[in-house]
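As structure tokens, the structure follows; a few thoughts come after it.
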Amino acid sequence: MTTISQPVLAYDRKNEVKEFEETKLGVKGLIDSGITQIPSIFHHPEENLVDTANSESKLGVDPIPVIDLSGPKEEVVDEIREAAGKFGFFQVINHGISVSLLDGLVKTVKEFHELPAEERMKYYRRDMETGVNYFSNVDLFVSKAASWRDTLQLRLSPTMAQPDAIPHVCRNEIIEWNKEATQLAEKLMGYFSLGLGVKEDKLKELSCGEGRVMVGHYYPYCPEPNKTIGIASHTDPGILTVLLQDQVGGLQVKYDGKWVNVKPVHGALVINVGDLLQMISNNKYKSVEHRVYANPLHEPRISIAIFFNPSRREDFYGPLPEIVSPEQPALYQHFTYNEFMYRFFSKELDGKSLTNFFSLENKS
Ligand code: OGA
Ligand code: NI
């Protein structure tokens, strides 16, 4: 009787999602209520799951490079080009942002997520009218399974959220982090440009640092980490992501068909290439799938990311004309950033479908 039972199942899921949303307290609220089993809306299909007991990198060493930005510029450019082409991910140290600012940011974003229920729920909403919102699972209503994390989200540019809309506990830290992380990202975009053999301010000219969104994720303890995931495998859509993670761990990157850990390094920042940079670089840099496993530890995991995107929505993006030639033809079509974002929002957070969509090789 599948024709009858399937609509009933779909209806139940819809209702459970709605009830969860209406608590306005996210996954943290479920844990605070003392649950020992996770609701079925969080159950992921087998292929998404991580065997946390057995998830250490089998390569023995963690291959994601840690790049010292205080080294000679040419060397740094080479190291970044190599890391971004091979792994799509690297960490940076001596990046110029004070470690005490980073520690303060982690601490205060954690404090936001641990505010008393009645304080926290005031921020819970999905619209971005004030430039600040708080929710569990950006794709809660479209994904097949929810993930074990909550998020505080802020618009940083072109127009930043009004300061008084930003939760007071982490306001100063976020304002300072936005300034410092943007400076760092602009420097890195210069290195990414030089690594492609184009002028240093090429990506900046394309407005690549000017559309910025910040997320402050909270991954609470999960009582059944082998049934769900912290963030499902995905690639980031934009130019690049600057991510600060605390010492708990859980971020994994796909390399050579295997998942490898991005080990926490105190004071370091994780940098990764997004789909748009992969396409602009004509595959010189790779946007790589990554995920976070559901946190099996009693200590919550905090990560704070800024996504750097272009701000000019009508402009066309695609492989830079300077780097394509008869020998190295363009692998992607050109598209406006508007069209790109439309494609992004019409899919779930999974897989590499966005770069595939614009690929010229898949069109026949
Ligand atoms: C993301 C992401 C990783 C993390 O927000 O896109 O990949 O460590 N986050 O939280
Ligand atoms: Ni990501």
Side-chain angles (χ1 to χ4, degrees), residues 26-28 48 50 52 55 62 64 84 87-91 102 105-106 109-110 112-113 133-140 143 146-156 177 181 185 211-220 222 225 228-255 259-266 268-278 285-297 299-309 341 344-345 347-355:
V27 174
K28 170 79 165 81
N48 287 4
V50 183
T52 36
S55 73
D62 169 30
I64 304 298
F87 303 104
F89 266 78
F90 55 92
Q91 305 204 51
L102 301 181
L105 182 67
V106 167
V109 167
K110 179 167 187 271
F112 167 78
H113 284 278
N133 60 7
Y134 166 58
F135 50 81
S136 187
N137 285 259
V138 67
D139 55 356
L140 184 68
S143 68
S147 301
W148 205 251
R149 77 172 183 291
D150 301 325
T151 303
L152 172 68
Q153 180 176 253
L154 263 100
R155 190 178 56 233
L156 299 177
W177 157 246
R212 297 193 298 283
V213 174
M214 185 200 105
V215 291
H217 296 306
Y218 187 87
Y219 299 87
C222 180
T228 190
I229 186 119
I231 192 167
S233 173
H234 68 284
T235 60
D236 293 351
I239 298 290
L240 60 87
T241 304
V242 175
L243 179 118
L244 170 63
Q245 63 170 337
D246 68 7
Q247 298 302 296
V248 173
L251 175 60
Q252 299 186 316
V253 172
K254 208 171 214 177
Y255 172 63
W259 290 100
V260 300
N261 295 313
V262 182
K263 296 239 169 74
V265 174
H266 182 227
L269 292 164
V270 179
I271 311 295
N272 68 284
V273 173
D275 294 341
L276 204 47
L277 184 54
Q278 174 175 322
Y285 301 140
K286 298 280 160 50
S287 172
V288 170
E289 282 177 60
H290 53 285
R291 68 181 184 187
V292 176
Y293 53 77
N295 181 7
L297 306 174
E299 189 184 350
R301 173 176 186 267
I302 315 299
S303 69
I304 297 128
I306 299 184
F307 304 110
F308 290 82
N309 300 294
M341 288 318 283
F344 175 69
F345 284 114
K347 71 174 187 75
E348 251 190 85
L349 279 180
D350 63 354
K352 293 275 315 179
S353 48
L354 210 48
T355 46

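Note that ligands are numbered from 1 as they come in the structure, with each ligand's atoms numbered from 1 the same way. The residues of the chain are indexed from 1 along the displayed sequence.
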Inset, instruction - Could you establish whether Arg301 and ligand 1 come within less than 4.0 Å of each other, counting only heavy atoms on the residue side? - result: yes

Legend entry - Test item, Arg291 contacting ligand 1 (heavy atom, 4.0 angstrom): no

Does one side chain, of [X] or [Y], offer a donor that lies under 3.5 Å from an acceptor on the other?
X: Thr355; Y: Asp275; result: no
X: Thr151; Y: His217; result: yes
X: Glu289; Y: Ser233; result: yes

Enumerate the atoms of ligand 1 whose separation from the nearest heavy atom of [X] is less than 4.0 angstrom.
X: Phe307; result: 1 (C), 5 (O), 6 (O)
X: His290; result: 7 (O)
X: Ile231; result: 1 (C), 2 (C), 5 (O)

Inset, instruction - Starting from atom 5 (O) of ligand 1, locate the nearest protein heavy atom and write down its residue, its atom name and how far away it is, to 0.1 Å. - result: His217 NE2, 2.7 Å

Inset, instruction - If you have a sec, work out which protein heavy atom is nearest atom 6 (O) of ligand 1 and how many Å separate them, to one decimal? - result: His234 NE2, 3.0 Å

Using modelled atom types and a 3.5 Å cut-off, is there a donor and acceptor pairing between side-chain atoms of [X] and backbone atoms of [Y]?
X: His113; Y: Gly216; result: yes
X: Gln278; Y: Val288; result: no
X: Asp246; Y: Ile302; result: yes

Inset, instruction - Assess the pair Tyr255 and Phe89: is the distance between their ring centroids shorter than 6.0 Å? - result: no

Legend entry - Mode of Leu243 contact toward ligand 1 - side chain, backbone, both, neither (heavy atoms, under 4.0 Å): side chain

Legend entry - Under-4.0 Å heavy-atom contact with ligand 1, by part of Ser303 that carries it: side chain

Inset, instruction - Would you check if Val242 and Trp177 make a side-chain contact, meaning some heavy-atom pair closer than 4.5 Å? - result: yes

Legend entry - Qualifying residue, where the test is side chain to side chain contact (heavy atoms under 4.5 Å, CB included) with Gln91 and the options are Leu269, Asn272, Ile271, Val262: Val262

Legend entry - Of the protein N/O/S atoms, how many lie under 2.8 Å from the Ni ion (ligand 2): 3

Inset, instruction - Just jot down the salt bridge (Lys or Arg N to Asp or Glu O under 4.0 Å) partners of Lys110, sequence neighbours excluded, or say none. - result: Glu114

